[in-house]
Amino acid sequence: MRELTAEQIQKNYDTLINTIQLYVTGDRKDKVLKMYNDMKDRFMMAPASSKEHYHNAIYGGYVDHILRVVDLSLKIKELWGENGCKIDFTDEELVFSAIHHDLGKVGDLENDYYIPQDNEWRRKNMGEIFTFNTKCEYMSVTDRAFFLLQHYNISISQKEFIGIRLTDGMYEEANKSYYVAYKSEFQLRSVIQYVLHQADMMAAQIENRLTKDSIEKEETEVYERIQNIQQVVGNEEKIKDENPKITKDLFEELFGEKR
Ligand SMILES: [Fe+2]
């Protein structure tokens, strides 16, 4: 299955910190950096989801997802602008919201939100690579994001609040009253949440497909190796006489070591 190397995880984390340095301004920048520094290891290693068939259920998957959402948000914002939509939020508001829309997935102040699933049956049959850490008191991911931000005394603008609150779009039932307006004055005024939702959905779908592709590739490779072994075993006697090297290769294929 798709994995990130230690170097990729470190590089992604450095890129995230550089992105914060670049986009977050004012006296909240130091507070944001402190939060990341306090929980550095947890930020670096956190997955973005629990199940293989969701998205980025891998170590380092959280930051990898966040970087993809930041990148796509900026591109999607351009697309809205090029098509005549007035962009009424700053790049700082957009990037800050993209960076923190899933913050609650890192966990609470002390505990990871996702921990490895140690039930082998559930790993195998349900694709649960990680499970929820019961040490964390229940909160929605978005609520925990706001809890962590306020804990570090990080102020947010109204657009950032709306953006983070509504990034999940209508996938989150609690968002319905924001997205379905029965009165014109209740309609969402900015498009920031649409940009974030599109970027988040696109990132998750891409990550899901990257994982699926890697699993398919592995399955194909295993299948081909089995076929090769079956073919060679079927012709073993013949091959032994004609080409002893193939028998040696077969041994290595089966036992994975050279003699
Ligand atoms: Fe997300």
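Both ligands and their constituent atoms are indexed starting at 1 by order of listing.
- To the nearest 0.5 Å, atoms CZ (R2) and CG (N208) are separated by 10.0 Å.
- Shortest distance from the Fe ion (ligand 1) to D102 is reached at OD2 (N/O/S atoms only).
- Summary: NE2 is the N/O/S atom of H101 found nearest to the Fe ion (ligand 1).
- Between N228 and E224, the side chains place no donor N or O within less than 3.5 Å of an acceptor N or O (distance only, hydrogens not considered).
- Within D200, OD1 is the N, O or S atom that lies nearest to the Fe ion (ligand 1).
- Checking H55 against the Fe ion (ligand 1), every N/O/S atom stays at or beyond the 2.8 Å cut-off.
- Within the structure, every pair that satisfies the side chain to side chain donor-acceptor pair (under 3.5 Å) test and touches residues 168-177, not counting sequence neighbours, is listed here: R165-N175.
- Cation-pi geometry between R28 and F96 is satisfied (NZ or CZ under 6.0 Å from the ring centre, within 45° of the ring normal).
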